[in-house]
Amino acid sequence: MNICVASLCKVKQLEKAEVVIVDGIRIGVQPDVVTYNTLITAYCRFVGIDAGYSILYRMKEAGIYPDTITYNSLIAGATRYSMLSRCFDLFEEMLEMSILPDIWSYNTLMHCFFKLRKPDEAYRVFQDILLKDISVHPATFNILINGLCMNGYTENALMLFRSIKRHGFIPQLATYNILIHGLCKSGRGKTAREFLNELVESGHIPNAITYTTVMKCCFRCRQFEEGVKIFAEMRRRGYTYDAFAYCTVASMLLKTGKMNEANEYLGYIITNGFDLDIVSFNTIVNLYCKEGQLDNAYKLLHEAEKKGLESDKYTHTIFIDGLCRTGNFKEAQQHLDYMSMMGFDSNLVALNSFINGLCKAGHLDHALRMFESMDVKDSITYSTMVHSLCNAKRFRAASKLLLSCIRGGMRILKSDKRGVIDGLRGSGYSQEARKVQSKIRLAKILHD
DNA sequence: AATCCTCGAC
């Protein structure tokens with residue numbers, strides 16, 4: 001029965017799994033702790049954390065005691081939905097019931113901290129693991145390296161990798177993939193390549209994830225031919241069994257304005273009959289939005305929703321960008337409101353898109369109001385605003401923003417700096433131009 | 001446990 005339930009749960013057939021359990025009970029086979037643990041994992045994953053809890057009550061009612069794996073499944077569920085306090089509660093509950101947390105309980109908790117951008121706390125969990133003398137699993141290092149990279153501590157991740165290797169740890173393929181991904185993301189393509197060589201030299205065979213990661217790295221560094229070559233090799237080796245690699249190529253084509261080619265790749269995705277996830281849908285929706293076909297974009301969104309997929313912050317950002325490009329600010333605002341209501345972790349990119357759309361349509365003051373209301377801004381926010389103000393010959397306002405951008409330690413394009421200085425000088429504010437220039441120099445010295 | 005998706009300008 002357990003094997004049957006497990007395989008049904010794996011493919012999301014929860015109702016059928018329940019039928020199997022009922023049938024089992026009818027012929028006298030009672031579900032045990034393994035059955036319930038399998039169910040909890042699946043319900044947390046496919047339905048929600050509360051559905052997982054309700055299975056916990058069901059098992060308690062049936063007189064089955066939860067074990068470490070029961071709690072690990074629930075902790076993993078809480079991590080999936082970024083519910084840190086739930087993770088803690090479950091940990092406490094475990095200890096109260098004298099169920100000992102194992103390395104996986106700690107791994108998951110660490111993962112949760114990293115996910116919520118609390119690397120210090122995550123590292124404390126790791127130290128706790130060492131202190132408690134629990135034997136470490138290779139996944140512990142993978143989670144650590146990944147978490148450090150994703151939180152901007154690539155250098156520390158590298159040091160950790162080297163140090164554990166010196167201590168005899170043999171990196172897995174996944175460890176290399178994680179490190180290569182982190183290095184690419186922080187713009188260190190060269191070091192990433194060195195690790196790709198090391199991966200092969202140490203006897204690992206690169207998998208689809210390695211290829212996709214390296215391909216994206218090529219695109220990032222504008223080595224388009226090299227990237228497309230990797231894609232061709234993936235096809236040759238049969239590594240294009242899902243839509244992931246196609247999405248990487250299609251997005252690059254979209255970003256570089258090659259609409260027809262992007263269309264071609266997305267056509268493959270559709271005709272190949274891949275089981276599309278929300279990311280693939282977002283990629284296609286983005287193409288429609290960029291082409292101004294908002295109707296088709298919405299049609300696709302509904303299709304995704306019919307499949308039970310939930311739109312994420314990327315989906316709404318793509319729509320906001322597309323709507324602003326067609327001048328439909330009202331509907332774009334509705335998406336923005338929805339994003340805040342849903343409490344997505346950040347809508348910075350969406351706001352940048354909105355501001356850009358307003359500027360392009362000539363609504364500079366509306367854009368400025370939105371700019372002022374933002375509590376988090378990045379270099380793109382400043383770039384967009386400074387550039388647009390210069391275009392409108394509002395150089396003094398542009399210089400004010402440029403200075404606060406520099407004060408915030410953010411980089412801005414050389415051409416934008418030039419635009420402000422030349423503009424100020426050309427409209428008779430040479431003293432202010434000099435002031436801006438010296439501030440830029442000062443910032444450069446401080447930065448280096 | 002890890003890969004795929006969003007914004008400015010050049």
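Hydrogens, waters and symmetry mates play no part in the numbers below; they use all other heavy atoms, side chains included. Residue numbers begin at 1 in each chain, while the letters A, B, ... track the order of the sequences.
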Inset, instruction - Please list residues of residues 305-313 of chain A whose heavy atoms come under 4.0 Å from any atom in DNA chain B, ordered by number; otherwise none. - result: D312(A)

Inset, instruction - Assess K258(A) against F224(A): is NZ or CZ under 6.0 Å from the centre of the six-membered ring, and within 45 degrees of the ring's axis? - result: yes

Inset, instruction - Could you label the plane-to-plane angle of the F161(A) and F195(A) rings as parallel, tilted or perpendicular, counting under 30° as parallel and over 60° as perpendicular? - result: perpendicular

Describe the nucleic acid contact of [X] in one word from base, sugar-phosphate, nothing, applying a heavy-atom distance below 4.0 Å.
X: K377(A); result: nothing
X: K360(A); result: sugar-phosphate
X: I178(A); result: sugar-phosphate
X: S353(A); result: sugar-phosphate
X: R325(A); result: sugar-phosphate
X: A174(A); result: base

Inset, instruction - Quick one: list whatever passes ring-ring contact (aromatic ring centres under 6.0 Å, His included) with F244(A), sequence neighbours left out. - result: none

Do [X] and [Y] meet the criterion of a side-chain donor-acceptor pair at a distance under 3.5 Å?
X: S388(A); Y: N391(A); value: no
X: N37(A); Y: N72(A); value: no
X: Q333(A); Y: D337(A); value: yes

Legend entry - Pair R325(A) + D321(A), salt bridge at N-O below 4.0 Å: yes

Legend entry - Residue pair L148(A) / F114(A): nearest heavy atoms and the distance that separates them: N-CE2, 3.8 Å

Legend entry - Segment of DNA chain B, first to last nucleotide, that comes within the 4.0 Å heavy-atom reach of chain A: dA1(B) to dA9(B)

Inset, instruction - Starting from the 5' end of DNA chain B, give me the residue, N142(A) or I412(A), whose nearest nucleotide shows up first. - result: N142(A)

